[in-house]
Amino acid sequence: MKISEKWQKEWENKRVFDATPDPNKKKFFTTIAFPYPNSPFHLGHGRTYVTGDIYARYMRMRGYNVLFPMAFHYTGTPIIAMADDVAKGDKELIDIFKSIYEIPDDVISKLVDPLFMANYFKEEIKQAMKEIGLSIDWRREFTTIDPEFSSFIIWQFRKLQEKGFIVRDTHPVGWCPVHHIPVGMHDTKGDMEPEIGEFVLIYFDSDMGILPVATLRPETVFGAIAVWVNPHESYSIVEIDGKKYVMSEKASSKLSFQIDNLKVITVVKGSELVKHSAVNPITGKEVPIIGANFVDPLTGTGVVMSVPAHAPFDYFYLKKTKSELSIISVIRVEGMGETLAKDLVEKSNPQNDNDLKKLTEQVYRIEYNKGVMIDITKLVKPEYVEELKPLVNLPVPAARQKITEFITQKGLGRKIYEIMNRPVYCRCGNEVVVKILKDQWFLDYGNQEWKDLARKSIESIRFIPPEIKKDFEFVVDWLQKRACARTRGLGTPLPWDKKWIIESLSDSTIYMAFYTIAHRLKEHKLKPSQLTYEFWEYIMLGNGNPDEISKISGIPVEVIKAMRDEFLYWYPLDVRHSGKDLVPNHLSFFIFNHAAIFPHQLWPKGIAVNGFVLYDGKKMSKSLRNIVPLRKAIRMYSPDVIRIALTTNADIGSDVNFSDSYAKSIIDTLKNYYDLLEKLKEFKGEDEGFPEKWLKSKFYQMVINVTQYMDSLDLRSSSNEILYNFSSYINEYFELVRSEGREPNGKLLSQILQIWIKLLSPFAPHFAEELWHKIGKNTLVSLESWPIIDQSNVDLFIDLTHTYHRKLLNDIQAILSVYKDTPKSIKIFVANKEFLNVLRDAINIVQKGGQLRQLMEIHKPKGKQDARLYQKIYEEAREIDDDMKKLVTNFDFDEKDLLDKGLKYLSYKLGIKEIRILDASEMDRTKYNKDALPLRPAIIIE
Ligand SMILES: Nc1ncnc2c1ncn2[C@@H]1O[C@H](COP(=O)(O)OP(=O)(O)OP(=O)(O)O)[C@@H](O)[C@H]1O
């Protein structure tokens, strides 16, 4: 049997990860976002789940009673969309299922049934989780369509409704134009949350109809001297409430989801429009309609105003099409003039649209932050002068708001909604549009009271990495109403309007609380009908009388009370893990909903977010179909190699590509450690000399470092220490003992390796168990306690002494590399002991920004020779590396003694028997003229 299977069986048989409340133990409750079983796991999932598992295993070893449960998310459209694709005979998907995931043909034909699909992939993912060694308490597993879970969600939604956080409203949402359902992040390809923003339309009149130019910068309308359309696109002449408008055909079908009564009358080519002109409604100026390929028919209305003074694209292309170019300025930027776009284009000479895009971002940013409106009253129609006067000298953001109000109030334009991060595609493949949903159910994340609670919660959360906190603050600021129900998909019906199903990002916000008692519901065989509102109200919030709940529900009162106790034992959640895609949605909703429902002391304590595993530069994602199956990779490389390869190749917040060569190098590294353990018995030495002291010191410092790194989930630095630095310490130790002509101390090595196996265990739990038993242990290392080493065990002096020896070795090797003859002997001349004090003072002076003069004042050189040496020591103090600085400033020593300790090592490493250590005063000045400085002895090779 394979090592990994052996230990997985052992863990399972002994139920080592089942977590039960223990009042004598500190608890640690951790969860990772539960997966959607609409495909098997890929390497991307592997990274997120293993990161969480490593932390769970670490905390378990730190003595915490760790609860790490898992469940499966069946709610919503992802499963239905995938089953639909199979039913449609989607060749690419079926190929992936067959050839990449290796799903048998008879199973594929059954995947058209969403529930079969969910159950099948649930088992598949569960198997992957076991095979990769996740330390889960499986007794608490559930799916989000279990009736018990539904009863919990019904309670949650009633609570939110009671608090006024669920509203019936009319609001813009991301929308699938084909399936006619709201689309959130989980419904899109590549998991992109559709970001809804606003464009202002300004009505330019023309004899073809009104040209509603779409802009994000209405304050520049005073400088519009043309209108752009795309000559190669079709444009619709549409009627809205009796008026005629012209917009791209694509925009007209998109906008029909948010503008009522939009009727297409006829369609013309963009090239037709350019024969006409239009009138700027604010200035009254007649402007040409010009064709331009850069106009995107899908953004806004496909009609754009041209403001060359403030838009690089406009200046660049207008200059190309028109020889005579009148530039009208609107915004002044202190120190940068009044025609920023023109000036930047002239200066930087952009070569293509990409360059222009970058310039555009620059101009928009500068003008938004520093721009002020110039006197635009001379540009506007006489009847608007008085009303628009207040805009003069206003900063751009305020002017934008004022002109938008003016335009909309006067009926000179209107606002429309747009997907700002478009294109976002629904999982069915269609581009998402904005729809104004009328009379629907929304979670009101725009509610100020609710936002304040969420902000307060953020303040008490520990974020890993810490910089992710500002992303959450940003989300809380912009989040608005969110449609919380769908007419399609699996899940729990909205309790008061049962034709709606609560959608996936709304039924997954506080489910972590459900884990705390999920296994008890099964154990006591409670029926869903017994899990009433009152039952949950007591379990989750302690409200109501357990005796009465018991009477009505028939659940024994002690069972109810024990469940409440178990919930309180585990809650609040200590850390929630996920990939970073869930920051703007799930993880933020998780904060909001906890803050809404639970008292302050039960709000989440930690959130850890890791970067993606990429494939061809994009997030590895089943919806993008760019995946490597996790189980396949486990079969190829073994679970522990995959665990290490996925979690240690980058900082937690960065994205990584899975690297085959990195995985292969991990195999070699682990094998070397295995071989070392095999050889341990052969090491018969018992000495406790310099090498042993050095090894212990290095190792103890390493344990201290690893512990600190693990606390902050810096898995990259931890593994670097455990796998690579440790191996270099062991090799160096072997060199040290060899130089003394003796055997390594096997007993010491075995003690150290025992501790090392513990450090390795969270990363490579199967391999660690195997090694643990190999060194004669019969417990499970997964349940051993983490080594805590006190700093007093670290002998910094020994460590730095050896660093000094190695530095000297490098210096001698450098000299030897240019030495012509065969070296027979080496003389090392050590500086006068007093000079160490000169160096100490020099370092002190340099640190305080002082001068050489001060050194001379303290030490008063006896002659020219001394003065010259002091100058050199002063220079040495300016360049000295950190280790040597620590050595000389923290310790009092005799440099000759220091060198004596390293003599054998130097001789062994250099292969030169005769090395003598002498005082600098013994140097024959008639033969050599070398200076011996403190920690930089003079070296003479003969
Ligand atoms: N490529 C990836 N890299 C890192 N984590 C990932 C990756 N893909 C998914 N995850 C994480 O896996 C967890 C569960 O994801 P879920 O089941 O929702 O899959 P998903 O994000 O829908 O997957 P996909 O994008 O493949 O459809 C989430 O925490 C998510 O961040």
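The first residue in the sequence is number 1, and the count goes up from there. As the structure lists them, so they are numbered: ligands from 1, and atoms in each ligand from 1.
At a heavy-atom cutoff of 4.0 Å, ligand 1 is contacted by the side chain of H42 but not by its backbone.
Checked against a 3.5 angstrom limit, the closest N/O atoms of K580 and ligand 1 fall outside it. Any N or O atom pair closer than 3.5 Å counts here, and S621 shares at least one such pair with ligand 1. Looking at ligand 1, you won't find any N or O of F612 less than 3.5 Å from one of its N or O atoms. Residue G579 has at least one N or O atom closer than 3.5 Å to an N or O atom of ligand 1. By the 3.5 Å distance cut-off applied to N or O atoms, G44 is counted among the residues near ligand 1. Polar contact check, A33 against ligand 1: no nitrogen or oxygen pair lies under 3.5 Å apart. An N or O contact shorter than 3.5 Å is missing between N610 and ligand 1 by distance. On a distance-only criterion, R47 and ligand 1 share no N/O pair closer than 3.5 Å. Here's the thing with S578: one of its N/O atoms is less than 3.5 angstrom from an N/O atom of ligand 1.
Under the ring-ring contact (aromatic ring centres under 6.0 Å, His included) criterion, F612 pairs with no residue, sequence neighbours left out. Taking the side chain to side chain donor-acceptor pair (under 3.5 Å) definition, one finds that S621 meets it with S623, sequence neighbours left out.
Taking every non-hydrogen atom of G611 and a distance limit under 4.0 Å, the qualifying atoms of ligand 1 come out as 4 (C).
A centroid separation of less than 6.0 Å is found between the aromatic rings of H594 and Y571.
Between the side chains of H42 and N626, not a single donor N or O lies within less than 3.5 Å of an accepting N or O. Checking Y36 against S504 by side-chain atom types alone, a donor-acceptor pair falls below 3.5 Å.
The residue among L582, T188, D581 with a heavy atom at the shortest distance from atom 31 (O) of ligand 1 is D581. The residue from T48, I125, V583 that puts a heavy atom closest to atom 5 (N) of ligand 1 is T48.
For the pair R482 and F589, the cation does not sit on the ring face, since its NZ or CZ is not both under 6.0 Å from the ring centre and inside 45° of the axis.
With values rounded to the nearest 0.5 angstrom, I627 atom CD1 is found 12.5 Å from K619 atom NZ. For the atom pair CD of E148 and OG1 of T143, the computed distance is 9.0 Å after rounding to the nearest 0.5 Å.
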Query raised in the report: Is there a ring-ring contact (aromatic ring centres under 6.0 Å, His included) between Y58 and Y709 once you walk through the steps?
Result: CA-CA 11 Å; Y58 169 66; Y709 294 139; over 10 Å; no

